[in-house]
Number of protein chains: 2
Amino acid sequence: MKRITFILIATLICGIASAQFAGVQRGQQPQPLPEGFKPASTNTFLSPYPAVNAQTRQAMFRVVAKTAQNVQIDLSGKKYDMTKDTAGVWTCTSDPQVVGFHYYAVLIDGVAVMDRNTEAYFGSNWESSGIEIPEGPEGDYYRFNKNIPHGQVRSIYYWSEINGLERHINVYVPAEYEQNPDKKYPVLYLVHGWGEDENGWSNQGHMANIMDGLIAAGKAVPMIVVMPSGDIKTNSDVRQASGDVTKIYADNLIPYIDKTFRTNTDKQHRAMAGLSRGGMQTTMTVFANMDKFAWMGTFSGFFVRGDDVVSAFNGVFKDPAAFDKQMNLLFISTGTEERNPKDQVEKLKAHGIKNIVFHESQGTAHEWLTWRRALNEFAPRIFK
Amino acid sequence: MKRITFILIATLICGIASAQFAGVQRGQQPQPLPEGFKPASTNTFLSPYPAVNAQTRQAMFRVVAKTAQNVQIDLSGKKYDMTKDTAGVWTCTSDPQVVGFHYYAVLIDGVAVMDRNTEAYFGSNWESSGIEIPEGPEGDYYRFNKNIPHGQVRSIYYWSEINGLERHINVYVPAEYEQNPDKKYPVLYLVHGWGEDENGWSNQGHMANIMDGLIAAGKAVPMIVVMPSGDIKTNSDVRQASGDVTKIYADNLIPYIDKTFRTNTDKQHRAMAGLSRGGMQTTMTVFANMDKFAWMGTFSGFFVRGDDVVSAFNGVFKDPAAFDKQMNLLFISTGTEERNPKDQVEKLKAHGIKNIVFHESQGTAHEWLTWRRALNEFAPRIFK
């Protein structure tokens with residue numbers, strides 16, 4: 001009774017707002033989830049679907065689309081036909097999925113749209129739906145741990161004269177930051193990849209959980225992590241902004257961070273890493289500013305054109321001793337199921353580069369599970 | 001040439017990621033925007049559409065949907081038929097819109113989905129698209145101002161034993177917070193409304209720009225603003241959580257904030273306000289904890305059942321002098337185009353309540369422009 005009263009009041013209250021959605025079908029209440037299925041962690045708050053079975057690693061989808069002729073789920077390269085019930089609710093269950101984060105789309109009469117009951121993730125240069133297939137205990141390092149202190153991810157806009165825009169960044173500060181008002185911290189600049197944005201590392205990557213865990217366990221030193229936008233847009237109607245972005249990182253962002261946060265500003269306390277095209281941006285930025293960075297990482301993003309890695313990047317590797325003197329760590333990682341730069345790493349080692357670490361994520365491809373693992377391996381190795 | 005090389009490399013790099021989207025139509029490049037139209041501020045970074053004409057206040061939409069039979073835009077209670085070109089790109093231009101933020105949907109063969117080129121906004125209990133129709137200079141107070149210092153919105157997860165969940169909050173700290181490591185600040189708890197979530201005030205409401213402007217102008221005192229989730233879900237398959245939430249605010253959230261931030265912890269330095277159903281939650285929370293709050297606001301959310309406002313809320317208004325002694329400010333606001341509690345306010349004043357302020361937003365309804373204005377009026381009146 002109480003609930004009915006509440007719904008009546010809510011309906012009254014929201015009459016005007018709801019009127020904007022005349023004709024939008026909110027759908028019937030779903031049945032209880034089948035045995036073994038739980039709401040995906042990627043769902044919006046309390047949304048029951050999509051649901052995931054942790055044992056079988058299958059995902060169940062539910063879409064309300066009374067007027068559609070055909071509805072499918074496009075997940076991991078396969079299209080699943082959905083079945084419609086008499087109320088216009090479409091459902092399907094996927095094959096077992098690889099653990100980790102997967103983008104997916106709902107196809108309404110062939111048109112790829114989002115599932116409105118999951119969080120929105122920016123991927124492939126537009127808003128997308130995503131689903132997390134949970135790992136077992138080996139995934140604990142990127143899950144929320146209620147028993148340790150938690151850092152904060154700060155959303156900040158700053159003005160850049162270089163491109164005349166207010167620019168959005170996310171900045172992770174460790175849990176202890178507030179409790180040590182006189183302490184200064186090293187800074188890791190951490191960049192996303194193609195088609196994603198400055199929210200990727202927190203949303204898709206769970207970087208805050210990873211850093212909280214490493215710092216609480218004493219494996220990584222407390223550090224600030226700055227996640228800027230890489231301005232990655234490959235549609236030909238917009239500028240190809242890599243050059244600009246390197247300049248923005250070095251000339252606008254670093255001074256802004258050093259002014260706004262309690263940072264150690266020497267190169268020994270500044271690192272940069274990026275995934276995929278963010279790895280490319282890392283090489284462009286760090287190799288052009290060897291006086292500013294002493295640690296670097298490229299996660300699935302060490303891209304050398306041609307075979308001659310020793311001469312690549314304007315010859316930065318040519319004198320191995322000089323490189324090692326300037327760079328404490330060049331961390332190169334990849335998933336075993338994607339393009340592998342192992343040969344290039346071997347060539348650099350044979351050439352005499354010592355401060356190089358190569359990491360392979362077993363059984364993973366060009367995807368977020370690879371990059372969560374990469375961050376988990378990289379962060380403990382810097383600033384010490 | 002450089003661009004072509006880059007696209008080839010990007011295509012190579014992203015082959016695996018893109019494979020997940022086989023069949024997803026990314027569409028042709030749009031033509032340059034027509035005279036007078038600019039990308040909406042609600043678009044994802046560098047997306048040209050939807051576009052808005054600031055003079056005519058019309059919006060142009062563009063949807064790639066080759067296989068759809070019928071595509072419409074559902075905006076402000078009207079459905080606009082879109083026209084398809086030979087490449088499967090659908091476009092339409094809306095009537096002039098009221099200024100401010102509007103939710104909208106794309107109807108693909110009648111099914112309401114999101115526009116993937118705008119930011120995602122949580123509204124009506126699911127992810128939605130939104131478009132901002134810009135005001136003239138009178139809207140400057142909620143726009144980014146590059147000439148003043150900016151606070152930070154911090155994204156934080158904390159553990160609540162009450163409902164056994166990690167809970168997400170956004171916390172605004174003023175620009176000066178970092179520069180005054182010994183200073184303590186008052187705290188405003190600011191709650192969203194029905195169908196929205198803890199991100200609403202920052203994303204739809206531009207609260208950081210509003211607070212930055214008020215504080216920079218000396219109109220409001222520097223304060224911390226905590227934006228929690230109101231757990232608002234009216235689907236009958238999930239709990240109706242208002243009772244829980246009041247307890248979570250008082251017993252979990254306030255202690256967490258006072259432990260984590262530099263706050264003044266006495267009631268003179270604690271306020272609460274909310275919009276719509278968040279206004280209802282504000283009355284529930286504050287009236288049950290008069291020892292904890294000295295300032296309160298209900299924006300389009302002062303809901304009294306029946307005519308007897310003096311006896312409402314368990315009689316909190318019955319002794320006007322006692323109420324005024326406990327509460328420095330009861331701020332009640334509304335838009336002139338929605339349900340108006342003016343009569344109730346008059347009754348309370350006639351009854352003898354003095355610490356009451358009533359604000360009407362001219363020409364606006366149950367919508368974000370009303371609430372931006374409400375915050376802009378409310379924040380200068382508290383903590384002084």
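Convention: sequence-line order gives letters A, B, ...; per-chain numbering from 1.
With sequence neighbours excluded, no residue forms a salt bridge (Lys or Arg N to Asp or Glu O under 4.0 Å) with A:K146. Taking the side-chain contact (heavy atoms from CB on, under 4.5 Å) definition, one finds that A:Q69 meets it with A:D109, sequence neighbours left out.
Only the side chain of B:E161 comes within contact range of chain A, judged by heavy atoms closer than 4.5 Å. When heavy atoms are compared at a cutoff of 4.5 Å, B:Y121 does not approach chain A at all. Using a 4.5 Å cut-off between heavy atoms, A:Y172 makes no contact with chain B at all. Interface remark: B:T118 contributes backbone atoms only to the contact with chain A (heavy atom separation under 4.5 Å).
Looking only at heavy-atom pairs under 4.5 Å with chain A, the residue among B:I156, B:V71, B:D115 that has the most is B:I156. In terms of heavy-atom pairs under 4.5 angstrom with chain B, the leader among A:H150, A:Q179, A:M114, A:E119 is A:M114. Among A:A120, A:G151, A:S155, the residue with the largest count of heavy-atom pairs under 4.5 Å with chain B is A:S155. Here A:Y157 is the residue among A:Y158, A:Y157, A:F261 with the most heavy-atom pairs under 4.5 Å with chain B.
For the side chain to side chain contact (heavy atoms under 4.5 Å, CB included) with A:V111, the qualifying choice from B:T67, B:V63, B:V64, B:V106 is B:T67, the only one to do so.
Looking at B:Q152 and A:T260, their side chains come closer than 4.5 Å, going by heavy atoms from C-beta outward. Side-chain atoms of A:T44 and B:F122, non-hydrogen and from C-beta on, do get closer than 4.5 Å to each other.
Residues A:F144 and B:W159 come closest through the heavy atom pair CE2-CE3, 4.0 Å.
Between the side chain of A:R116 and the main chain of B:E127, a donor-acceptor pair closer than 3.5 Å is present.
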